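Chain letters run A, B, ... following the sequence lines, proteins first, then strands; residues in each count from 1. This structure is a prediction, so every number in the text was calculated from the model and none was measured.
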Amino acid sequence: MNAMRYEAPGSIDEVVALLAAADGDSRILAGGTDLLVQMQSGFVKPGLIVDVKKIAEATTITAEDGGFRIGAAVCGAEIGEHADLKEAWPGVVEAAELIGSVQIQARASLGGNLCNASPAADSVPALIAAGAVCSIAGPKGRREVPVADIATGPGETSLGTGEVVVSIHLPAQSPRSGDAYLRFIPRTEMDIAVVGAAINLSLDENGQCSAARVVLGAVAPTALLVTEAADALIGGPVDDAALERLDAAARAACRPIDDKRGTADYRTKVSGVLARRAAGIALERARSNS
Amino acid sequence: MDGQGQDFKWIGKRTVRPDGVDKVTGRANFGADFSLPGMLVGKVLRSTHPHARILSIDTEKAHALPGVKAVITAADLPDIPSEEAHFGEDPTDFRHVSHNVMARDKALYDGHVVAAVAATSESIADEALGLIEVNYEVLPHVLDVEEAMKPGAPLVLEDLITGGVTPTPKDPSNIAKRVQFDLGDTEAGFKKANMVVERRFTTKPVHQGYIEPHAVVASTSEDGHTLVWCSSQGHFMIRAACAKLLGLDVSQLRVMPAEIGGGFGGKITVYLEPLAVLLSRKTGRPVKMVMTREEVFRGTGPTSGTVMTVKIGATKKGQITAAEATLAYQAGAFPGSPVGLGCMTAFAPYDLENVKTVGFDVVVNRPKATAYRAPGAPLAAFAAESVLDELAKALDIEPLELREKNAAKEGTKAPYGPRFGPIGYVETLQAVRDHPHYSAPLGPNQGRGIASGFWMNFGGQSSAVVNVNEDGTVVVTLGHPDIGGSRASMALMAAEVLGIDIAKVRPIIGDTHTIGFSDITGGSKVTFASGMAVVEAAGDVVAQLRERTAMIWEVEAEGVVWEDGHALPASTNVGEFEPLSLAQIAAMAAKIGGPISGRASINAKGAGPGFGTHICDVEVDRETGRVVVLRYTAVQDAGRAIHPAYVEGQLQGGAAQGIGWALNEEYVYGDDGRLQNPGFLDYRMPVASDLPMIDTVIVEVPNPNHPFGVRGVGEVPIVPPLAAVANAVENAIGVRMADLPMSPPHILAALEDKA
Ligand SMILES: Cc1cc2nc3c(=O)[nH]c(=O)nc-3n(C[C@H](O)[C@H](O)[C@H](O)COP(=O)(O)OP(=O)(O)OC[C@H]3O[C@@H](n4cnc5c(N)ncnc54)[C@H](O)[C@@H]3O)c2cc1C
């Protein structure tokens, strides 16, 4: 029989100390909606579980530099209820709110979604499109890392031993900008994205696209920041021709697999469709955000 | 009496269900809720090979682990001979049931149980499973029904000789049986047709998807008697199967029915129960076994995947001249797919002169197929009702009109033999025509389809006891597990016959030692058969109440009548007496002959066939292939809706399951023969937000064989949806989807093929 130790410290320093002292497999526990499922199925058997939900930094949303700092363990429901955050980054918020169901929303966090490193994680493409940056604590102190650099493959991250994500910073949204996230699932909820597409775009005073970030989920081992797709939009109007170019660039960038959730061919086609549709929503938001 | 024109006090009322409060508060005891002191945890080891010879099983290390109290394999079960078992609609073989519960010689599918342990804790039991060493010789496997039928295919059962063909084949094959039903001469019929449509269809196996995983507690006394608590569709079935598989007397096993969290046919057989009984008998301790969801998917259910061809011919005016179907159904690892029922039901809604249906029951390396709500019928109806829709379009006749023109009526000879008595199919078609849904406008990329469905419904053995308590309240004891709200309907029927308030009637399910034998809850029989038993038992009580009153009044029993819950003098000739209520008589019972108790044990005959017609609207996203069901209406003849809300619930539930089957549900197997989606995340049953409110219309054409006119209603509503959805999709995008599920990738591919 394997004994398991559970700790719920009140500070990040204590988390770092606990992780440093642990031998064997230790895990951070946020909402537990990935971790507990994995433990139940015998997939992971941690000797130490460190719950980060008693730590203020990890469980609050604060305004910072015109943007927002979201604690890594803040749950989806709280993110969805934050009016200012939703106003500034509707795409990030809608991505976070897509996770699971009402029950899951009361637990699931951005930190967990990110560190679980599923290629299909819903909030990750939207965070990358927004240019979000993680604050990480570890035995060597704190460091800042773009969200895009955390996941390195399915279930794998760039976090070092004993490191924990404390919070995620969203920059100030630029004027005349908007973000959006769409995912495709065969059902309406309780499903894992077959494809996800996040777009964050900005318009200049003439309504031409001046900046864009296009990120696809579930079509490669990690979320894909597709610069060719962004280039398809930048420098002109976001019209049908631009959207067609975006669609083609998104499809060209896909490197999906065939699995029980969808074929590679299907994922590729739908990635273009979703990118186009998400761009349409982001465009509307950018126009109304001047 | 046929119930027509009767004035009812309780029948048709929407009373609160007697099991409702405990279920919504969590107090109700389901299979996994029982616990006993000293209880052990039982767990099974499952094969991960789809097909492998078991060369040896070494359980020594597992035995030696501290906390392990017993380890069993097939060697611990008697090697019983073939013997027909009658649990559900289709007979099965006890020997096959035994080999399915615990693999003997060969593991036949991913998930097949090869050993079981009982230990003092779950983690010890898990560890013990890891210590069991099974030496397998992996064999080639076959999953697909057509592959399995080919000569040279890997043989799932090495001694299986096809039944139903002459001369009897000499060599074994995977075809367990061939069945055929004929009416008239289809060859001649097709010659008279101006238009013939023929199409091939395929479907994937789907699971019943009940929320409650299988669970059992067994506890054996030193004297060899075992108590079993479990949820199932028939505790008498559990008793019979455990006794047969373990070589016990039936009276050594007392099975207590737990509340059941869904079965839909999937709980009309045993899986863990005989193992729990055996482990408890070996250890002398209570043993509890509960499946995980993954085990439910890998080891239980599903219904068959199929390959089907249907051909229908008609005249220009839409008179069907002939219909043929060839159906090949996967049985899973042991014979017994519901292909015969598919053959019988495929064309049953229609009055046809020439029909031929041929069915093949085919074993493959998948879990043994189990009944699923109208077993076999939704599949055959998917093919038949799709071809009818196509035929109507080819003839430029409205699909509803084509059905009206050919509809079965009283006197129609069913394709499988009998002549129908009074039936309500035409009435369902009329209700569809009259429904506002049928003529509501549709938007772009939207389509509407209709389809009909038939189920013969079943009766059978049923027992009921009605005990009158000393204060005039009544306990009704029933023999069938209540899956669909049957206690509510039984209470209503008892209250109606006794003439007392429903609040005075408490219905319960008796265990195998306290109520007479009763068949499984299945075949849509309970409200019909158990209802007849309750009506008879309540009638028995009324007769006793009249006798007791006659004793008090010192008159002949014939001089007393029972009306509205009271004994009255039959006429003024009898004398002047104040009416006596049931409660008044009950209070005096001790002085006038003792307890009042009515009983009935019957074999109910004359289940009225059921028909339904559904209307479905969908919208198709042409870029992603996603189908959304916008509006859905289910119309059905219930004979008589004893409790209309629960009839509506059955219609809605059947439609919801059928929509899931049509759109996204499927078992995904890898090339290695292993199931890849054993969970609700990737086995995509619809969630609540996937479905619109399902509208229902209950048509009532009473069944003359039931005192209140009841027909079974539970199974018919899952028969039409597969084709209703497919017909709606065709109407929306002009593509006929002949392969299920109609999941987004399939729709998108079909759209691209068309373009
Ligand atoms: C029913 C159901 C539906 C779901 N639906 C979706 C969905 O629609 N979309 C989707 O993307 N996901 C879905 N998920 C997966 C899951 O809910 C999300 O990934 C969720 O965001 C995980 O957050 P959590 O707080 O529960 O993480 P946890 O389970 O607590 O943690 C997940 C992993 O990340 C690690 N971790 C957590 N926090 C940190 C941290 N601060 N620093 C370092 N490591 C950390 C943990 O150790 C663990 O390995 C679903 C899960 C379930 C059970």
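In this structure, chain B has a heavy atom under 4.5 Å from the side chain of K269(A), while its backbone stays farther away. Proximity to chain B (any heavy atom under 4.5 Å) is restricted, for V194(A), to the side chain, taken from C-beta onward. Both the backbone and the side chain of T624(B) come within contact range of chain A, with heavy atoms under 4.5 Å apart. Within the 4.5 angstrom heavy-atom criterion, no atom of E122(B) approaches chain A. Proximity to chain B is limited to the side chain of R277(A), based on heavy atoms less than 4.5 angstrom apart. Heavy-atom distances place the side chain of N664(B), and not its backbone, under 4.5 Å from chain A. The part of Y683(B) that comes within reach of chain A is its backbone (N, CA, C, O), which places non-hydrogen atoms under 4.5 angstrom from that chain.
If you tally non-hydrogen atom pairs under 4.5 Å between each of N677(B), L748(B), D682(B) and chain A, the highest count goes to D682(B). Interface remark: of the candidates L681(B), L663(B), V668(B), L681(B) forms the most heavy-atom pairs closer than 4.5 Å to chain A. Heavy-atom pairs under 4.5 Å with chain A were tallied for P745(B), P686(B), A749(B); the largest tally goes to P745(B).
Taking a 6.0 Å sphere around CZ of F43(A), one finds it holds 12 or fewer heavy atoms contributed by other residues, nucleotides or ligands. In K23(B), the NZ atom is crowded: over 12 heavy atoms of neighbouring residues, nucleotides or ligands sit closer than 6.0 Å. Within a 6.0 Å sphere centred on CG of D23(A), heavy atoms belonging to other residues, nucleotides or ligands number 12 at most.
Judged purely by atom type and a 3.5 angstrom limit, K260(A) uses its side chain to pair as donor or acceptor with the backbone of Q676(B). R626(B) places a side-chain N or O within 3.5 Å of a backbone atom of P186(A) that can act as its donor or acceptor partner.
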